[in-house]
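Along the sequence shown, residues are numbered consecutively beginning with 1.
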Amino acid sequence: MEKDMKYEEAMARLDELVAGIENPQRDFTGIADDVKKAMELVKWCRNYIRKGEQEIEKLLDDEQ
């Protein structure tokens with residue numbers, strides 16, 4: 001996973017992977033690798049969102 005990846009880039013890549021996985025015309029070879037990559041992207045996105053939430057909470061706490 002790229003360290004400097006943006007959330008939008010991760011979501012776009014995830015969309016591509018899901019579309020490929022769901023494609024009924026796709027050869028079965030490589031699907032397991034794509035599922036693994038998709039799971040890594042989901043984890044990355046969740047962490048990104050969690051960090052953003054923590055930053056917002058801290059800002060709000062500092063204002064009180």
Side-chain angles (χ1 to χ4, degrees):
M1 203 72 42
E2 294 180 31
K3 186 176 183 178
D4 296 333
M5 182 185 317
K6 294 181 181 179
Y7 181 80
E8 293 79 9
E9 294 169 338
M11 287 300 296
R13 180 64 181 129
L14 186 56
D15 285 340
E16 291 172 8
L17 288 167
V18 170
I21 292 165
E22 292 178 338
N23 183 352
Q25 303 297 327
R26 177 161 180 203
D27 182 14
F28 192 70
T29 306
I31 288 180
D33 287 338
D34 286 351
V35 169
K36 181 179 177 183
K37 290 175 188 173
M39 291 174 65
E40 289 172 358
L41 281 167
V42 168
K43 182 179 178 181
W44 185 91
C45 288
R46 284 180 178 162
N47 286 335
Y48 183 91
I49 291 169
R50 193 172 298 121
K51 286 178 186 176
E53 288 173 339
Q54 290 171 348
E55 288 178 24
I56 290 169
E57 286 177 14
K58 185 178 183 312
L59 288 170
L60 293 174
D61 287 345
D62 289 347
E63 288 296 315
Q64 294 178 1

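Scanning all heavy atoms of the two residues, the minimum distance from A38 to L17 falls at N-CD1, 3.7 Å. The two residues G20 and R26 come nearest to each other via the heavy atoms O-CD, 3.1 Å. Across I31 and I21, no two heavy atoms sit closer than the pair CG2-CG2, 4.4 Å. Shortest non-hydrogen contact noted between E9 and D4 is OE1-O, 4.4 Å. Counting all heavy atoms, side chain and backbone alike, M11 lies closest to C45 at SD-SG, 3.8 Å.
Hydrophobic clustering places L14 together with M5 (ILVMFWY residues linked when any side-chain heavy atoms are closer than 4.5 Å, directly or through intermediates). The hydrophobic clustering, which links ILVMFWY residues whose side-chain heavy atoms are closer than 4.5 Å, places I49 and V42 together.
The side chain to side chain donor-acceptor pair (under 3.5 Å) check on E16 picks up R13, with sequence neighbours excluded. Remark: N23 engages no residue in a side chain to side chain donor-acceptor pair (under 3.5 Å) (not counting sequence neighbours). A search for side chain to side chain donor-acceptor pair (under 3.5 Å) contacts involving K6 returns nothing, not counting sequence neighbours. Residues that satisfy the side chain to side chain donor-acceptor pair (under 3.5 Å) test with D33, not counting sequence neighbours, are absent from this structure.
Applying the ring-ring contact (aromatic ring centres under 6.0 Å, His included) test to residues at least two apart or on different chains, the pairs with a partner in residues 29-64 are Y7-Y48, W44-Y48.
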Exercise answer: donor-acceptor pairs, residues 51-59 side-chain atoms, under 3.5 Å, sequence neighbours excluded:
residue : atom : partner : partner atom : Å
K58     : NZ   : D62     : OD2          : 3.2

